[in-house]
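To start, the structure under review is shown below, and the notes come after it.
Residue numbers start from 1 in every chain, and the chains themselves are labelled A, B, ... in the order their sequence lines are given, proteins ahead of strands.
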Number of protein chains: 2
Amino acid sequence: MNTNSPANTANETHGTAEAMTTPGSLPSATPAFSPLYQQIKTLILKSLQGGEWKPGDVIPSEQDLAVRFKVSQGTVRKAIDELAADNLVVRRQGKGTFVATHAERHIQYRFLRLQADNGEEMRAERKIVECRRLRASAEISRLLGLRSADPVVFVRRVLAFQGTPTILEDVWLPGTPFKGLSLEALSSDQGPMYAFFESEFGVRMVRANEKIKAEGASAEAATLLGVPPGHPLLSVERIAYTYNDVPMELRRGIYRTDSHHYKNELS
Amino acid sequence: MNTNSPANTANETHGTAEAMTTPGSLPSATPAFSPLYQQIKTLILKSLQGGEWKPGDVIPSEQDLAVRFKVSQGTVRKAIDELAADNLVVRRQGKGTFVATHAERHIQYRFLRLQADNGEEMRAERKIVECRRLRASAEISRLLGLRSADPVVFVRRVLAFQGTPTILEDVWLPGTPFKGLSLEALSSDQGPMYAFFESEFGVRMVRANEKIKAEGASAEAATLLGVPPGHPLLSVERIAYTYNDVPMELRRGIYRTDSHHYKNELS
DNA sequence: CAGTGGTCTAGACCACCAA
DNA sequence: TGGTGGTCTAGACCACTGC
């Protein structure tokens, strides 16, 4: 068989952790055994997706969750350990476990890998160049998992460091979850864009993939970044995902790398 | 105080886990408490550095290590969990825990992030252009943690994919650990360079940092990669480290990104 | 079958935080 | 002081591998 479901002494009365795994329902073919803590992780994840706890909130204590799911505290602990490793949640000894957010001081700009060649602090001056709604092209809709011609929001902005325009970003967002996004709201907001998305639209970016190339500056990019056309620039295409691997943003960044570099740590 | 050292029942006879932590020796100022499993991790790490177990080898079972260090199996487990998370060790259920190596089929080219734009397989044709010993420049010696004018080995190679030269790599290695490295040996070797370093010189690269920029092709690079001078190319400067954060390689890669891209996953 | 890693539990105690 | 996460232990049982 596939001895799953708590299987411990307590497995009787009312329940939240029922129908945990894949019992004998389906024929056979890969029993798909899933450890308890994985199932707990999935349940917690669902609560995160469902908005039971919002970014910055405390989630219930390990003990409470253990009672709720009818498993031992150690099992909950292992589930939360993985969520913490995935950066979905942050543990703080003595205080509790919190839903991760892009709004925190130190974890700010978690996805921005550009650094000054000298280790200096980078305070970005941000300027939204435009923000408008349009219909997704075939390519954009494919990358965002939309249907062709679905509404999207397009944002273009320039980031400058110490007066030098350094980053040009074009951002495409699915129109439905980002209904109401405007140039004014974007411009007046301080802080990371992803924190803004969390607070204003309830959309939390969880992970992202980037494809990096070297490209010569287009006429447009050259103008906006103040470099000659053809100047070598870093092109960074990012797809950012919310919970459940749902793509929620396409971002094409063009970086000047005269006095900055993209930093990556391999292990 | 700072109740450390096993502190469990068994803490008497012969020992390997003596003088574990920081007792009352030093005055005060940050007691520097370190959990047992961290200390165990450090001990295992020392054995890895010391070559007690070589890349590809099995290390002793959790139970054996628990006995050896006089802690519970769970504590050893947590230590090994972290080593596995750091990619220093690989767990294989039913078989044992193995020292990680660059020679494995699937983990091959762990540090190479270049991919074909279409997801195609990339079989590299490699060509060593030159290999010679020289004295480290001030910059090279600084980056490798050497003294100026220390001997280093310089290697230049070109990687081509489907006949198109795509990667030009300049590699600097500290002369002492890599004594005897020759163009012939490098050329005749198949497989990843880092696997070769492991088997021939006992040097295992554990992690690396990369700084990425966009640059116009130099005359030299243009010739070797078959692009016009000034053509935008990706410049990847990597410093690779062995155990203990000791730098062991400086590598400057120049990548064509016409039909390839550098892939990065953020989380 | 024995040996290895993997899961789960239960309980004790420690470190940190806030009230 | 009580609550939270963090560490450590001990023991049971499961899943995978190879003899």
Side-chain angles (χ1 to χ4, degrees), chain A residues 1-11 17 20-22 30-42 44 53 57-85 89-99, chain B residues 1-11 17 20-22 30-42 44 53 57-85 89-99:
Chain A
M1 277 308 281
N2 179 352
T3 358
N4 232 206
S5 78
N8 52 352
T9 66
N11 196 11
M20 283 288 216
T21 186
T22 68
T30 342
F33 163 79
S34 168
L36 241 194
Y37 74 87
Q38 280 289 1
Q39 304 173 38
I40 303 299
K41 181 183 174 187
T42 301
I44 298 176
W53 314 301
D57 285 359
V58 216
I59 73 174
S61 74
E62 297 177 351
Q63 196 45 248
D64 288 354
L65 290 172
V67 170
R68 165 160 162 187
F69 296 132
K70 290 190 149 56
V71 296
S72 80
Q73 195 225 14
T75 300
V76 171
R77 171 156 264 273
K78 183 142 190 184
I80 294 181
D81 277 346
E82 294 212 345
L83 291 170
V89 117
V90 176
R91 323 190 73 141
R92 283 201 257 272
Q93 183 172 148
K95 298 170 85 173
T97 301
F98 298 76
V99 182
Chain B
M1 280 301 281
N2 179 352
T3 355
N4 232 209
S5 78
N8 52 354
T9 66
N11 197 11
M20 282 289 214
T21 188
T22 68
T30 341
F33 163 81
S34 168
L36 242 194
Y37 74 87
Q38 281 288 0
Q39 304 174 39
I40 303 299
K41 181 184 174 185
T42 301
I44 298 176
W53 316 300
D57 284 2
V58 215
I59 74 173
S61 74
E62 295 177 352
Q63 197 43 250
D64 288 355
L65 290 172
V67 171
R68 166 160 160 187
F69 297 132
K70 292 185 149 57
V71 296
S72 80
Q73 195 227 13
T75 300
V76 171
R77 169 156 267 273
K78 182 142 190 185
I80 294 181
D81 276 347
E82 293 212 345
L83 293 170
V89 117
V90 176
R91 323 191 72 138
R92 283 202 258 272
Q93 181 172 151
K95 299 169 85 170
T97 300
F98 298 77
V99 182

message = Just the rounded figure in Å: distance from C1' of dT4(C) to CG of D81(B).
response = 15 Å
query = What integer distance in Å separates Y37(A):OH from dA15(D):C1'?
reply = 13 Å
Identify all pairs in which a protein N or O lies below 3.5 Å from an N or O of nucleotides 1-5 of chain D, and state each distance.
unit_1 : atom_1 : unit_2 : atom_2 : d
dG3(D) : N2     : G94(A) : O      : 2.9
dT4(D) : O2     : G94(A) : N      : 3.2
dG5(D) : OP1    : T97(A) : OG1    : 3.3
dG5(D) : OP2    : E62(A) : N      : 3.0

Euclidean distance, atom CD of residue E82(A) to atom C1' of dC8(C) [Å, nearest integer] = 15 Å
query = Is the backbone of Q38(B) close enough, under 3.5 Å, to the side chain of E82(B) for a donor and an acceptor to pair up by distance?
reply = no
task = Name all residues meeting the side-chain contact (heavy atoms from CB on, under 4.5 Å) criterion together with A84(A); count only those two or more places apart in sequence or in a different chain, and write none if there are none.
result = V89(A), R91(A)
query = To the nearest 0.5 Å, how far apart are CD1 in I44(A) and CZ in F69(A)?
reply = 5.0 Å
query = Between K41(A) (NZ) and dC8(C) (P), how many Å, whole number?
reply = 13 Å
note = Whole-Å distance, Q38(B) CD to dA15(C) P, equals 15 Å
task = Say whether Q73(A) and Q63(A), considering side chains only, have a donor N or O and an acceptor N or O under 3.5 Å apart.
result = no
Value in whole Å for how far the C1' atom of dC13(C) lies from CG of L36(B) = 13 Å
request  = Would you kindly give the NZ-to-P distance between K70(A) and dA10(C), to the nearest whole Å?
outcome  = 13 Å
key: Heavy-atom pair with the smallest gap, counting every atom of G96(A) and V58(A)   = CA-CG1, 4.1 Å
Verdict with reasoning, I59(A) to L65(A), per side-chain contact (heavy atoms from CB on, under 4.5 Å) = CA-CA 9 Å; I59(A) 73 174; L65(A) 290 172; 4.2 Å; yes
inquiry  = For dT7(D) and T75(B) - does any side-chain N or O of the residue sit under 4.0 Å from the phosphate oxygens OP1/OP2?
reply    = no
